[in-house]
Amino acid sequence: MQDETKKIDIKSLLPEELDEQLAAMGEPRYRGKQIFKWLWSGVTSFEDMTNLSKSLREKLNSTFYITVPVAVRKQVSKLDGTIKYLWELMDGNAVETVIMRYKHGNTVCVSSQVGCRMGCAFCASTIGGKIRDLLPSEILDQVMFSQLDSGLDISNIVMMGIGEPLDNFDNVIRFLKLVNNSDGLNIGMRHISLSTCGLTEKVDKLADFNLQLTLSVSLHGPDDETRSKIMPVNKGYGVEKLMKSCRNYFDKTGRRISFEYAMIDGVNDTPYHAEKLSTLVGGMGCHVNLIPLNEVEESPLHPSTPENLKRFISILHKHNINVTVRRKLGPDIDASCGQLRRKSLRDKKEMRADYNEFMGSY
Ligand code: SAH
């Protein structure tokens, strides 16, 4: 077997970098585009690039490798058609991807890391910590192969799956450039949302790129006491510093921040919290997205009661804060916010059997 680690991950290269590599191999300029298109069609080996000469295909194969994720599990919600994939990556790790079917188009929710090291008390993705960052190609593959497998056109992307995207900054930026490329999926930045738990210096760094994506910030607490209790990351930064970075992001990009706020019974859902949140975000270009907490088996936290949710919303309304409540999608297949998790593939055989059975019945 060849040592893949010495080869270059071709799908993580930007088109101009691919051109350079090919020029160094003595190939004409148009070759890069040709190969880029093949990669976007979902080919899994250089062998399949049938309009290239055999000798070039062999040369490519000894210099580059193509990441190939395998869908080891596919679940479809009976309630709303949400689809969840579990992909096995080339090193045996696995991540989840969700396709949500909205009226305005199909949205794919991608993971950015295998696991997560942020330690939020309410989130399943962080159980077991972070194993590794995903490559740009591995984030891209989630979009590409979900689209190919489901046959659905994807028009929007949310980076809200497993992992903290800004903790994998360079790979995420590269993914964004790739997915945005006109020879690739050509998904506009305005159709992409990136969610962060609030790594402030990375938010500042992102602002300097001036991408027109929507930044979602997982706030979940309007003061340090509340937020630090459920989000360890807050101890390093603090709410005030986070808000400063959010204001800077808005000033530099002109894009309204979307604050995510999971409503947790007795933790962050009292009138005090609603007033405090209104003062915190009032007057800035933003939007508050309330997420009734999704239950995570290992966590003792519960969603707010409908009455408390209503009371919270009415206080925000009183202060003219833009507020929406996130619709819960795919609850029957654990595909809702915070329910995605890194899976061990010890029961791999069983999962493959599941998948084959599913595909057979479709
Ligand atoms: N690490 C990034 C990306 C994850 S996005 C971030 O923290 O933003 C997933 C969103 O779902 C985040 O807003 C996260 O805080 C929220 N979330 C996590 N667990 C949840 C749960 N159990 N119920 C509702 N929302 C949850």
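For the single chain, residues carry numbers from 1 onward in sequence order.
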Please tell me whether [X] and [Y] are part of a single hydrophobic cluster in this structure, the criterion being side-chain heavy atoms less than 4.5 Å apart.
| X | Y | answer |
| --- | --- | --- |
| V325 | V288 | yes |
| V110 | L213 | yes |
| M159 | M118 | yes |
| I313 | L280 | yes |
| Y272 | V281 | no |

>> Would you call the rings of F122 and H220 parallel, tilted or perpendicular, taking 30° and 60° as the class edges?
In response: perpendicular

Is the number of heavy atoms from other residues, nucleotides or ligands within 6.0 Å of [atom1] ([X]) greater than 12?
| X | atom1 | value |
| --- | --- | --- |
| K318 | NZ | yes |
| E298 | CD | yes |
| E225 | CD | no |
| K244 | NZ | no |
| R327 | CZ | no |
| K328 | NZ | yes |

Indicate whether any N or O donor in one side chain lies under 3.5 Å from an N or O acceptor in the other, for [X] and [Y].
| X | Y | value |
| --- | --- | --- |
| S137 | S12 | yes |
| S314 | H317 | no |
| S155 | H191 | no |
| D332 | S77 | yes |
| S245 | D204 | yes |
| N180 | N186 | no |
| Q339 | N294 | no |
| S304 | D265 | no |
| Q75 | Y85 | no |

[X] versus [Y], closest heavy-atom pair with distance:
| X | Y | answer |
| --- | --- | --- |
| I139 | N171 | CD1-O, 4.5 Å |
| E164 | C116 | N-SG, 4.1 Å |
| V95 | I162 | CA-CD1, 4.4 Å |
| S278 | A274 | OG-O, 2.8 Å |
| P165 | V172 | O-CG2, 3.4 Å |
| I333 | I83 | CD1-C, 4.4 Å |

Quick check against the 3.5 Å criterion: does [X] have a side-chain atom that pairs as donor or acceptor with the backbone of [Y]?
| X | Y | result |
| --- | --- | --- |
| S336 | L329 | yes |
| N168 | L134 | yes |
| T279 | E275 | yes |
| D149 | S146 | no |
| S111 | Q113 | no |
| R326 | N289 | no |
| N268 | A262 | yes |

Is any side-chain heavy atom of [X] less than 4.5 Å from a side-chain heavy atom of [Y]?
| X | Y | answer |
| --- | --- | --- |
| L185 | I154 | no |
| T44 | I66 | no |
| L290 | T324 | no |
| M243 | F259 | yes |
| K235 | D224 | no |
| V108 | V98 | no |
| C246 | M284 | yes |
| R117 | T126 | no |

> Do D223 and T226 pass the side chain to side chain contact (heavy atoms under 4.5 Å, CB included) test, and can you show the C-alpha distance, the side-chain angles, and the key distance before you say yes or no?
Replying inline: CA-CA 6 Å; D223 57 46; T226 312; 2.7 Å; yes

>> Go through it in stages, so that I can follow the logic: the residues are H104 and T107, the test is side chain to side chain contact (heavy atoms under 4.5 Å, CB included), and I'd like the CA-CA distance, side-chain angles, deciding distance and then a yes or no.
In response: CA-CA 9 Å; H104 63 266; T107 298; 4.3 Å; yes

> Is the Y261 to F312 ring centre distance short of 6.0 Å?
Replying inline: yes

Under 4.0 Å between a side-chain nitrogen and a carboxylate oxygen: does that hold for [X] and [Y]?
| X | Y | value |
| --- | --- | --- |
| E88 | R73 | no |
| K84 | E96 | yes |
| D91 | R132 | yes |
| D80 | R101 | no |
| E138 | K11 | no |

>> For L206 and I173: C-alpha separation, side-chain torsions, deciding distance, then whether side chain to side chain contact (heavy atoms under 4.5 Å, CB included) applies.
In response: CA-CA 9 Å; L206 186 67; I173 293 288; 3.8 Å; yes

> Does the pair I10 and F46 meet the rule for a side chain to side chain contact (heavy atoms under 4.5 Å, CB included), with working shown?
Replying inline: CA-CA 11 Å; I10 193 166; F46 293 105; 3.9 Å; yes

>> Would K54 and E58 count as a salt bridge (charged side-chain N to carboxylate O under 4.0 Å, His left out) here? Give the steps.
In response: CA-CA 6 Å; K54 191 160 171 30; E58 278 164 8; 3.3 Å; yes

